[in-house]
Number of protein chains: 4
Amino acid sequence: MPEVRRDAERTRAELLAVATEVFAEDGYSGARVDEIAARTRTTKRMIYYYFGGKEGLYRAVLEEAYRGIREAERGIDVDHADPVQAVRALAEVTFDHHVQHDAFIRLVAIENIHRGDFIRQIDGLREASKPAKDVLDEILQRGRAAGLFRDDVEAIDVHLVISAYCVFQVANRYTFGHLFDVDMAEAGRRAHLRSVIGDVVVGWLTSPAA
Amino acid sequence: MPEVRRDAERTRAELLAVATEVFAEDGYSGARVDEIAARTRTTKRMIYYYFGGKEGLYRAVLEEAYRGIREAERGIDVDHADPVQAVRALAEVTFDHHVQHDAFIRLVAIENIHRGDFIRQIDGLREASKPAKDVLDEILQRGRAAGLFRDDVEAIDVHLVISAYCVFQVANRYTFGHLFDVDMAEAGRRAHLRSVIGDVVVGWLTSPAA
Amino acid sequence: MPEVRRDAERTRAELLAVATEVFAEDGYSGARVDEIAARTRTTKRMIYYYFGGKEGLYRAVLEEAYRGIREAERGIDVDHADPVQAVRALAEVTFDHHVQHDAFIRLVAIENIHRGDFIRQIDGLREASKPAKDVLDEILQRGRAAGLFRDDVEAIDVHLVISAYCVFQVANRYTFGHLFDVDMAEAGRRAHLRSVIGDVVVGWLTSPAA
Amino acid sequence: MPEVRRDAERTRAELLAVATEVFAEDGYSGARVDEIAARTRTTKRMIYYYFGGKEGLYRAVLEEAYRGIREAERGIDVDHADPVQAVRALAEVTFDHHVQHDAFIRLVAIENIHRGDFIRQIDGLREASKPAKDVLDEILQRGRAAGLFRDDVEAIDVHLVISAYCVFQVANRYTFGHLFDVDMAEAGRRAHLRSVIGDVVVGWLTSPAA
DNA sequence: CATGAATGAGTTTTCATTCAT
DNA sequence: AATGAATGAAAACTCATTCAT
């Protein structure tokens, strides 16, 4: 394996890692190509060499971030026999996952500000997102079959409820925290927040259908 | 009545209105002072005259936006005798409210990217946010007293669940919609989404305490 | 006497006083019309009304400052019978005068940066400057007649030596003080500096002609 | 030897040279970044690249100017055996030096208008200024030892007297020249002015102590 | 692959001055 | 005589990108 090649990979990876931080921190427009390069062992020129420019770098960051997240999600395994326990565990694990991936959530918020213009250009992302829903699907089916869950709720809706809660509690913690004078990141409060989403989903799913 | 004074107000207001649009559209860094001025009957110079600069203008936009939203919220009135009906109505009205104030939600997302640096500098916002929680408080108390609601849930948590759902469904609709191939803004889907948050909250609150 | 007229005078005088401070502080280019107006009870518009603009105001400031200084100088009276005592007294009084009129000296420095462009436009200044030399002339004549002073020194040269020393010690005190690590404005140092110029002039004048 | 590197030096040096002229001519506030760039083979952008901004450029100009002057001063050599001749020569050489460095003196005046704010930020300037005093110290000591000079005069005071005269005669020549109707730069006048400072210092130092 | 220098178009900000009343 | 609002030209500064080596 040519060592040059390896350096190239390393350079690319370093650029990507730093760019992820900077874009997550300052947004697309707020991020500075100069700053990204400066935090690296390489020079600005390499951004153009490897990624074609600022936009290409941002796209690469977004893609890499989604891939990393999906990878991490695959590690999530919720094989409780009891569907109620399973869905609560899934909610909690999702919660933890979001807390741990603050930078990713910021990138997603930024991408939404841009109306998803860049994410649409990334291939294969949709496929990678399927498993998230499939796991839920399976739990819901078991729950319904056991007469534990109401039968008018679809996996995508449950996923939406869980995602919304988990994302919001990280992404909007500054404004929400300020307005209601709570520190959303403080340990005790976090534990409480974590328990709430489980209660919400279980309470909802186990209530009688409308 | 001095007409001069009124022109000043008009200039200021126009600047603020246009700036709200532009900041919501492009973010703080992405917004261009030139563009804001160009969409106005005045010149760039007036931004500095009235707001001191780009940052001052952004701050004024944020403040004005929050004030407008709180004002609108005060119009929300949910006086159902039945607590269950009341909380569902509140969730749905909140949902509608968010759908209607897309620009505001974008501003809030932008402000969270900036870690709430500017919102903290605006006085009196916290006070204005209190009513939102108070309305819920009252409904919950009635629900608990009637033995309809579980008694281990606080108003702030309900508010969080509702807000998270309503905000997410607007703010993250581009990425979520893309990944799961749904148009979050399409009428039928919107109606469904609207009914879900009611189900979630009612199901949760009427389920047995943990 | 119409009161309006009096207010006008007061406004003009206030503008002039503030402008003197600001120009002396920041130089011609560095001074801000807005700042001058803001420190006044009137508005910017009055600067244009009374002085035609920034330049006119500066010219008025310069003229007024020179007039004030010449006025003050006329109060200087050195009628010692002894020419040696007289010239020393004059040097010391001049020293004190400069120390007291820091702002004026700054204005003169500023005007010299502008190569005296504005001072040349002020009429009658030359006439007002004559007395300064005349006083010296008289002392020198008495000193020469008494055989105390060398006879190859002219009043203008003595005036130059005294002025140079007195002005420099005020005007250049920041750079000179910094480079040689002394505080030129400290009381003890000031007293010493004051005595030096007397020694210099007396020593020079009483030394044998070349 | 990389020619690229040399271009960088050339660009920097050219910028500095032109900036020196422009700042000396128009003062800090009066100088225009655009004008400096225009007189150069590079663009305005390079000022920010190399000096960070207008202020950084001004600071660099000031530092460079002082260094150049001190360098030139080191060339001044006054090794007359006779202390009287030596001190007169020093005064005259200093006079010539000031006449030749008009731009530097203007910069110093400008810096004093700014109360020495920038000079204080330049390291090592104090050290570089020491030799000026040391040369005088040595001459004075020899003069006192030979019984030629009064023994109550310190080197710093002599330096002040000489500097004040030489600087004033250049820096304030416009106002002084106008008020007393003399052309301070005319050759005959210059020669006379030059002889005066020698007379002053020698007369002073050789006069009896107070 | 790598790098420091350079660039031009754009972006924010400032300022003396004038207008309408 | 006075005032707040408004202006346009100019000034400082920034940024993504490219060049020469």
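Naming convention: chains lettered A, B, ... in sequence-line order (proteins, then strands); numbering from 1 in each chain.
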In residues 30-38 of chain A, what donor-acceptor pairs under 3.5 Å come from side-chain atoms, sequence neighbours left out?
{"from": "A:Arg32", "atom 1": "NH1", "to": "A:Ser29", "atom 2": "O", "distance (Å)": "2.8"}
{"from": "A:Asp34", "atom 1": "OD1", "to": "A:Lys44", "atom 2": "NZ", "distance (Å)": "3.1"}
{"from": "A:Glu35", "atom 1": "OE2", "to": "A:Arg39", "atom 2": "NE", "distance (Å)": "3.3"}
{"from": "A:Glu35", "atom 1": "OE2", "to": "A:Arg39", "atom 2": "NH2", "distance (Å)": "2.8"}

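Contacts between residues 50-61 of chain C and DNA chain E, defined by a heavy-atom separation below 4.0 Å, involve C:Gly53, C:Lys54, listed by number. Against DNA chain F, the stretch residues 23-35 of chain B makes no heavy-atom approach under 4.0 Å. Of the residues in residues 39-49 of chain C, those lying under 4.0 Å from DNA chain F by heavy-atom distance are C:Thr42, C:Thr43, C:Lys44, C:Arg45, C:Met46, C:Tyr49.
Judged as a salt bridge (Lys or Arg N to Asp or Glu O under 4.0 Å), and not counting sequence neighbours, C:Glu64 has no contacts.
The aromatic rings of B:Phe104 and B:Tyr66 lie perpendicular to each other, with more than 60° between the two planes, well past the 30° mark.
Distance noted for atom C1' between F:dA20 and E:dC1: 15 Å (whole Å).
Of the possible donor and acceptor atoms, one in the side chain of B:Arg106 sits under 3.5 Å from a partner among the backbone N and O of B:Glu25.
Whole-Å rounding puts the B:Glu14 CD to F:dA5 P distance at 16 Å. At whole-Å resolution of the value, CG in D:Leu15 and C1' in E:dA5 are 13 Å apart.
Between A:Lys54 and A:Ile47, the closest side-chain pair of non-hydrogen atoms is not below 4.5 Å. The shortest distance between side-chain heavy atoms of A:Glu55 and A:Tyr28 falls below 4.5 Å.
When the shell of 6.0 Å around CZ of C:Arg41 is examined, it contains 12 or fewer heavy atoms from other residues, nucleotides or ligands.
Checking C:Leu57, C:Ile110, C:Leu62 one by one against C:Phe23, the side chain to side chain contact (heavy atoms under 4.5 Å, CB included) holds for a single residue, C:Leu57.
Using a 3.5 Å distance cut-off with no hydrogens or angles, the side chains of B:Arg12 and B:Tyr50 do not pair a donor with an acceptor. Side-chain contact of A:Glu111 with A:Tyr58: a donor-acceptor pair under 3.5 Å is present, judged by distance alone.
Summarising the geometry of D:Leu15 relative to D:Met46, their closest heavy-atom pair is CD2-CB, 3.9 Å, with the distance given to 0.1 Å. The two atoms that bring A:Ile122 and A:Arg67 nearest to each other are CG2-NH2, 4.4 Å, heavy atoms only. When all heavy atoms of D:Ile69 and D:His101 are compared, the closest pair comes out as CD1-CG, 3.5 Å.
Stem analysis of DNA chain F (Watson-Crick or G-U pairs, both distances under 3.5 Å, runs of at least three) returns E:2-21 with F:2-21.
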